[in-house]
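Note sheet for the following structure.
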Amino acid sequence: MQDEIGEAVIPIDLVEPAEVEDALAELDGPAAAWASAQGFSGKLGQVCQIPGEDGTVARVLFGWGDARARARDRFHLGDFARSAPAGAYQLQTELEPEMAEQAALGWMLGRYRFDKYKTAGEEKAADLLAPAEVEALRLVRLTEAVFLTRDMINTPANDMGPSALAATCEKVAARHDAEISVIVGDDLLDENFPMIHAVGRAGDEAPRLIDMNWGDPGHPKVTLVGKGVCFDTGGLNIKPGSGMGLMKKDMGGAATVLGLAHMLMSFEMPICLRVLIPAVENSIASPAMRPGDVLTSRSGKTVEINNTDAEGRLVLADALYLAAQEEPDLIIDMATLTGAARVALGPEVIPFYTDDEALASELAAASAAVADPVWRMPLWPGYERDIEPDIADLDNAPKGGFAGSITAALFLKRFVGDVPWVHFDVYGWNPSARPGRPKGGECQAARAVLRVLEDRYGV
């Protein structure tokens, strides 16, 4: 994304099926004949590159489909941005500001490549001139945040363990002049974070709690909490190989809240921001927690461990209770918490849980506006009994297998009290490529949350 490009610009016309005849009539004879010969119909995502006299691309017709087709996924230019010949491009079609931002953002997100472990090659530059309706710097900052999240999730656990996760947070903090502290290893016990310690104590790298603070203490206080399980073997309830293959992404909640924090700090949001990330590995070794153990949490509540693979809610519980002790205006947690969430809504739609009716409505509206799909799920009180075992206050893994995402959310709710709170059970991964969303790590729900906070607190 650029404000100015000092070279010949290749125009892109967004053409709906009903407008194809008029669009071709505006071209000269050879160009119109070429587009017609290519079978250009305006189908969503269809690309017709029209050559100039020197054989290079002189104009692009891009199929814009109809409104119903566009509503399915709004980052349509992402695929073309990834495959476009090198050059400078500009949208010729006037769009509403919201749609112009999504179109340009789709272009930028489509340019993503995770090539850290590939032999370096020369990347062709297909740049888009910022549409007049959008703020270029804003889109750059949004893209930086999404790429940060994607890079963190895509990085394998041998290079993104708890210490590397903390180092990444420190780099983001330094960029924005935020304060950061990290509690490591047995110091977690001294500072009363026993469940974070219990989950991570079997790992080669010590568990830790990352605490970042930014902004004016006089502004509304917003606290983000992200699950940072850098690799999840399942613990002594070990996962099968098929279930362990993507567990480098089990810190996707931490990566997403860090990307969201980058957005908020880049836009100088008038809030007092706190970011809490419990960073651990759920490993197998002699100190590992065992099925049947009873842990005492930071809040004093006891938790019976009926499955060591339900560890994310344990580390979140200590961090959420710390967050709630300050009584912030809003707590937002994000976690790759349950497979049940994927069974319910699939990999693209992110369930969220809250008792705040106004917040739920704001999130629904924001989700539609910015094409970042989230969906409210119920904190159904009837399932409270499922998280209450015989010998402790709470059960980390209710038996039966039903409503797993809901019972996990109800478990977390026990640690936030009456503080306004929303929990996102994110997936953090694209199982297959879509426009603007390459296969791999993904930043989900952050842009919807950003819109809500912008509407609430202004910029």
message: Ignoring hydrogens and geometry beyond distance, is a side-chain donor-acceptor pair present between Tyr457 and Asp329 at under 3.5 Å?
response: no
field: Check: Asp425/Ser405 side-chain N/O donor and acceptor closer than 3.5 Å
entry: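 Judged by distance alone, the side chains do pair up.
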Can you tell me if [atom1] on [X] sees more than 12 non-hydrogen neighbours from other groups inside 6.0 Å?
| X | atom1 | answer |
| --- | --- | --- |
| Asp216 | CG | yes |
| Glu388 | CD | yes |
| Lys439 | NZ | no |

query: Does Trp64 offer a backbone N or O that forms a donor-acceptor pair with the side chain of Arg70 under 3.5 Å?
result: yes
task: Please check if the side chain of Asp372 supplies one atom and the backbone of Ala448 the other of a donor-acceptor pair under 3.5 Å.
output: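 Looks like yes, one N/O pair under 3.5 Å.
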query: Is Arg111 paired with Asp127 through a side-chain N to carboxylate O contact shorter than 4.0 Å?
result: yes
- request: State whether Lys399 and Glu304 are salt-bridged, where the test is any N-O pair (Lys NZ or Arg NE/NH1/NH2 against Asp/Glu carboxylate O) under 4.0 Å.
  value: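 No, Lys399 and Glu304 are not salt-bridged.
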message: Check for me whether the distance between the ring centres of Tyr383 and Phe402 falls short of 6.0 Å.
response: no
query: Is it true that Phe75 and Trp107 have ring centroids separated by less than 6.0 Å?
result: no
query: To the nearest 0.5 Å, how far apart are CZ in Phe231 and CE in Met251?
result: 12.5 Å
field: NZ or CZ of Arg298 within 45° of Tyr321 ring axis and under 6.0 Å
entry: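 Judged by the rule (NZ or CZ under 6.0 Å from the ring centre, within 45° of its axis), Arg298 is not positioned above Tyr321.
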query: Cation over ring, Lys301 on Phe415, under 6.0 Å and within 45°?
result: yes
